[in-house]
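Numbers for residues simply follow the sequence, beginning at 1.
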Amino acid sequence: MTVSLTMHDTPRPRGSTQAGGLLAPPVYPIHIAGPGVQPHVLAHVERELPPGGIPAYRGDRKKGARSFLLWGDEQRTQMLARLVTQSVEGHRVTYQVLDAYGQIIGTITRRKAFRGGGLRVRWTVSQAGGPNAVGYKGRLFWWGFCWLLAPLLPFALIGAVLDNGDLPRAPRRVRWRADGQKTMEHKPSSEAVLLHAPGSDPRLGAALAALLASYRGWYRKAWDDRKE
C-alpha cells in the first residue's frame, strides 16, 4: 500500500484576519490519497516566523534553517505537527518534526552535495523508534548526463525563454531505503511524497513534502521564501 502526500504551492485565499486587522499568513494545502484513504487535505502548512518577521526568516533560511506549522484545519485551531530546525552544522542541517504536544514524530537530515564525501544531496529520514531511511537526490547516471550537457545550458535557457518553455532542471527525484527496502519516494514533477512502508506516519510525510518543496533551486521561488 502506497500513500501519497502532495503539496500545492498555490496558497489558500487569505480571508481571515489576525488581531489588529492584519491578513493572516497564507497556508498551503497538503493532500493525502491512497488505498483505503479517502482523498482529502491532511494539513495546511505555513511558515513559523521568528521575532524578526519575514526578513529574519528569509535570512535564516539561506543558512538552511526552516520552521513550519502544519494545521489540521484551515482556521488554524488544530495543530497537526511542527517542523523545527534542530541544528545547522556547515554542510549538514537537521530538522525535527514534533506533534502538537512537542513529542518527536521523526527527524530529517539534509547533507549538501560535494560535502562529507558525497556527490549528491543526501536526505536521511527516521521516524521515532524506526530505522534510518537514506535517499539521494537524483541518480548518478542522470547527474553525469547533465554534467556532460552543461556547456549547452546557456542555449537551453535562451530557448526556454524564447519559446515560453520550461527551464532545464537537474535530477531531483529521491528514493529512500531502510534495511534494503524502499520506504519512501519523492516525485518532484507533482511535489508528492510516496510512503511505501507500512506504519509510516503521514504527519512526517507531510512535513517532508513541505520541506522538499522549500528546496526547489534557483529556477523557481520556493513557497516559504516569499516576501509577503
- Item | Aromatic ring proximity His40/His31, centre distance under 6.0 Å |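 Distance test on ring centres: not under 6.0 Å, no.
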- Item | Trp176 ring center near Tyr136 ring center (under 6.0 Å) |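 Trp176 vs Tyr136: aromatic centres not under 6.0 Å.
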Identify the two heavy atoms, one from [X] and one from [Y], that lie closest to each other, and give their separation to 0.1 Å.
{"X": "Pro29", "Y": "Val41", "answer": "CB-CG1, 4.0 Å"}
{"X": "Pro25", "Y": "Glu46", "answer": "CB-OE1, 3.4 Å"}
{"X": "Gly205", "Y": "Leu195", "answer": "CA-CD2, 4.3 Å"}
{"X": "Gly106", "Y": "Leu204", "answer": "CA-CD1, 4.1 Å"}
{"X": "Gly199", "Y": "Gln127", "answer": "O-NE2, 3.2 Å"}
{"X": "Ile54", "Y": "Arg226", "answer": "CG2-O, 3.7 Å"}

- Not counting sequence neighbours, which residues clear salt bridge (charged side-chain N to carboxylate O under 4.0 Å, His left out) with Lys182? List them please.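 Partners of Lys182 by the salt bridge (charged side-chain N to carboxylate O under 4.0 Å, His left out) criterion, ordered by chain and then number, come out as Glu185.
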Do [X] and [Y] share a hydrophobic cluster, counting only Ile, Leu, Val, Met, Phe, Trp and Tyr and linking them when any side-chain heavy atoms are less than 4.5 Å apart?
{"X": "Leu211", "Y": "Val121", "answer": "yes"}
{"X": "Leu212", "Y": "Ile30", "answer": "yes"}
{"X": "Leu69", "Y": "Tyr95", "answer": "no"}
{"X": "Val93", "Y": "Tyr57", "answer": "yes"}
{"X": "Val37", "Y": "Leu70", "answer": "yes"}

- Mark yes when over 12 heavy atoms from residues, nucleotides or ligands other than Gln181 sit less than 6.0 Å from its CD; otherwise mark no.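 No, the 6.0 Å shell around CD holds no more than 12 heavy atoms from other groups.
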When rounded to the nearest 0.5 angstrom, what is the spacing between [atom1] in [X] and [atom2] in [Y]?
{"X": "Ser190", "Y": "Met7", "atom1": "OG", "atom2": "CE", "value": "13.0 Å"}
{"X": "Ile108", "Y": "Leu83", "atom1": "CD1", "atom2": "CG", "value": "5.5 Å"}
{"X": "Arg111", "Y": "Arg122", "atom1": "CZ", "atom2": "CZ", "value": "4.0 Å"}

Short side-chain to backbone donor-acceptor contact, [X] and [Y], under 3.5 Å:
{"X": "Arg58", "Y": "Asp225", "answer": "yes"}
{"X": "Gln96", "Y": "Ile105", "answer": "no"}
{"X": "Trp223", "Y": "Ala210", "answer": "yes"}

- Message: With side-chain contact (heavy atoms from CB on, under 4.5 Å) as the criterion, how do Leu194 and Val3 come out once you've worked through the C-alpha distance, each side chain's angles and the decisive distance to 0.1 Å?
- Response: CA-CA 6 Å; Leu194 308 181; Val3 174; over 6 Å; no
- Audit row: Thr94, Thr107, side-chain contact (heavy atoms from CB on, under 4.5 Å) steps and yes/no: CA-CA 7 Å; Thr94 301; Thr107 303; 3.6 Å; yes
- Query: Do Arg110 and Arg92 come close enough that some side-chain heavy atom pair is under 4.5 Å?
  - Reply: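 Contact flag for Arg110/Arg92 side chains = no.
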- Task: For the residue pair Val27 and Val45, establish whether any side-chain heavy-atom pair is separated by less than 4.5 Å.
- Result: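 Sidechains of Val45 and Val27: no contact.
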Strictly by modelled atom types, are [X] and [Y] linked by a side-chain donor-acceptor pair under 3.5 Å?
{"X": "Gln78", "Y": "Trp71", "value": "no"}
{"X": "Thr2", "Y": "His196", "value": "yes"}
{"X": "Thr85", "Y": "Arg66", "value": "no"}
{"X": "Glu48", "Y": "Ser67", "value": "yes"}

- Task: Could you go through the side-chain contact (heavy atoms from CB on, under 4.5 Å) check for Arg82 and Val97 one step at a time?
- Result: CA-CA 6 Å; Arg82 181 182 177 214; Val97 181; over 6 Å; no
- Taking the six-membered ring for Trp, are Trp123 and Tyr215 parallel (under 30°), tilted (30 to 60°) or perpendicular (over 60°)?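 The arrangement is perpendicular - the two ring planes meet at more than 60°.
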- Message: Test of understanding: with side-chain hydrogen bond (donor to acceptor under 3.5 Å, both in side chains), list the residues that count as partners of Arg61, not counting sequence neighbours.
- Response: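 Result, side-chain hydrogen bond (donor to acceptor under 3.5 Å, both in side chains) vs Arg61: Asp224.
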- Query: Do Val125 and Met184 pass the side-chain contact (heavy atoms from CB on, under 4.5 Å) test, and can you show the C-alpha distance, the side-chain angles, and the key distance before you say yes or no?
  - Reply: CA-CA 9 Å; Val125 181; Met184 294 184 300; 3.6 Å; yes
